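Data block below; observations after.
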Amino acid sequence: MLTLPDIIDSVKRSQCKPDEEELRSLPYKNAFIYGRVSSPAQVRDSRESIREIAELLRLAKEDGYQSDLQPDKVEQWLQDIQKDIADKVVWQQGQITLDVRDLGLSARFPGDDRQGFSHLLESIERGQTGAVYVSEASRLTRDQTYIEAYKLLELFKKHGIRVRTPYYVKNPQIPRDWDYLQEELQYAIKEGKALDRRLNHRRRTKAERGEYVGEPIPAGFILPVLERESSGQYKFSKMQPYPPHVEVVIRILSEFVKQGGSVLKTHRALGRLTYPYFPENVSYMERRSALRTATKTESGYLVSPTMTRSLATNLKLIGIWTWGNIEPISNNHAAIVPVDLFLEAYNLATRPGKPRGKSISREPLEWHRLVYCCNHDIPVRMSSNTTRGGAYRCEADYVQGRGPACLDITARYLDEPLTKTVLRQLDFTPLAEDVLMQSEAAGAQAELEMEQRKREIARLENKLENLKPYLGCGDNKREEVYWHLYERTKEHLDELRSRPLPGRAPDRADYHLVRDFLVGLPRKFDTYPRALRNRLLRCIIDRVEIRHAGQDVDATVYWKTGQVQELSIRRARAKKNRESRWSDEELTILQMLWPSSSQDAILAALPGRTWKAVAHQANSHRWKRSYSSKGTVVKRRWKADEEQRTKQLYESGTPLQEITSEMKRSRTAILQKASENGWQRPHPEQGRATTDFWSEKESPIVSNGSTSGRGYRG
Ligand SMILES: [Zn+2]
């Protein structure tokens, strides 16, 4: 006969699986008491929470954990922590660990910043801790993403951790307990979010009243203390001017206006101006002032250029309160800067930037970023200058625009021979053929495989269909064989079906296109934009090393494939490489015409020369010019046939000396006649173009051996 207690007991037992009781049993391994109260203020204010931690210690001892830790002593210590006269520590004695290092830390810190929390996880992972004592499960985490909560429960589950509060024991290994704990943690997270909203709301309300809400206080102001709470927290009233700093702010803004809004000039003028440090009685401003990020010098906070602009645009300087998106409040506090000065500075600081001139996007030089000057211990990448036709320049010795450039070479003197050399080597035909054939073959192979696979799949499917009718044949032995066969076939089929499909091979037409492109590339190279040519070269060329001495430039081209090519380039006179030299004939003409010919006549006699260049030449030879536009010399008239003959001689390029002797006219007369009639003489520089500037030799190709060492010309 069962008594009532027996019946109740058996009902209880049937509700609760016996292993659940086992899973919640205490003591299990060691106990870890985790103490944490939400905010620093709570540590100071909440006596109750502190007492709760001591209470947990009592609970653990009651649960059967052995330790010499005394709840009363711990409570006393905790109270000392509260009063800030004791350090937060870890007590570890016997089977109980009590870690209160996270007291006052928000549970929103990631685990790494919470020493106590990390300690807890570690001791669980090491298998030492079997029960975690907390006043509420929510004390463990308030991670807003739920991720930490979930991870924590997983860890607890893995190690069979009992979560012990004054009200319950839970073990996440039991599904019901998992749900319970998860709900509690989620609730805490939601609560945390609600708290955030409340806090924000409170801040906003305060800000709307023009009160300090924790943002940095601009230079020139301090926050007067209204009262100091027992917790040690300050209560501030609205911002007030701080005269020692006001002076500095006014000096900065006045200088800023004086310098027309140039921050740089302002700071040059101000030198090392500083804000004096806050004295002891307002030392709390050190953390609250915007100056806290300024460089600290012996005499105070150094005035920085970045701060100037923010001062010039900070409306708080003239008593207007702004915060977030709330409406600005005028006359919220005393202004520290005259409104006129502020407005002037404000306008200067916010005016749109000066027009920066026409921005021209220039294409990079053909060998941009590829050319290195090796006349130094460490190769120096040569800069490319895209103005005036472009030039490569080694600025190794060219410090801050001073000192001679190591090498300054007109771009085309490098580009043309380098590109020619590379392009000649860039015969894709055999290589491309290899690659394309391989690719085509692979494509064909893949197609074949695909075809075979399809056929195999069809065969297996067919086999399965054929096996089906045999599966219910009644003969057990045979049926077993069929089943076996069926399953193996099915396995094979599944495997075939799950194999990745080979990538689609390009069409034949694509191969033709690529082949044509590669083969035609060297021919069409010049027709591509320079930027594209540069990109292409940078794909295939690693670098070009330049070694130069006087007019000789040796270039070594390193291909990414490992190939090396060398070539020599001879420049014209190093100094005049940017402009064509004056020929002796040109100089003779100029010397003759300069003293008494008109500008037009001189320019006509020297095709391709600018007046500036002409004047420069003449002046550099100190030739005097006494030309006046009023002609005073009586001229002998030109006869038509005389003129015709002279023109013929002149335009055919006959030396002037011969013309003068044949025509019995002075050089001046002939040249003047030529210029008046616009006769053109063949330019002495014409046809010289590039070929004179470098003579090329090419060393045999050093590596790879796959290419020939033909001469450069060709
Ligand atoms: Zn150099």
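Keep in mind it's a predicted model, so treat the numbers as computed, not measured. Remember, it's 1-based here, ligands and their atoms both numbered in the order they're listed. Residue numbers start at 1 and run along the sequence shown.
- At most 12 non-hydrogen atoms from other residues, nucleotides or ligands lie less than 6.0 angstrom from CZ of R535.
- Note on ring orientation: taking the six-membered ring where Trp is involved, the planes of H245 and Y301 are perpendicular (angle over 60°, cut-offs 30° and 60°).
- At least one N, O or S atom of C394, from either the backbone or the side chain, sits less than 2.8 Å from the Zn ion (ligand 1).
- Side-chain contact check for D554 and H548: no donor-acceptor pair (N or O, by modelled atom type) lies under 3.5 Å.
- Note: angle at the Zn ion (ligand 1), from SG of C373 to NE2 of H376, is 100° (rounded to 10 degrees).
- No side-chain donor-acceptor contact under 3.5 Å links R665 to the backbone of T660.
- Within the coordination shell of the Zn ion (ligand 1), defined by N, O or S atoms under 2.8 Å, C406 is present.
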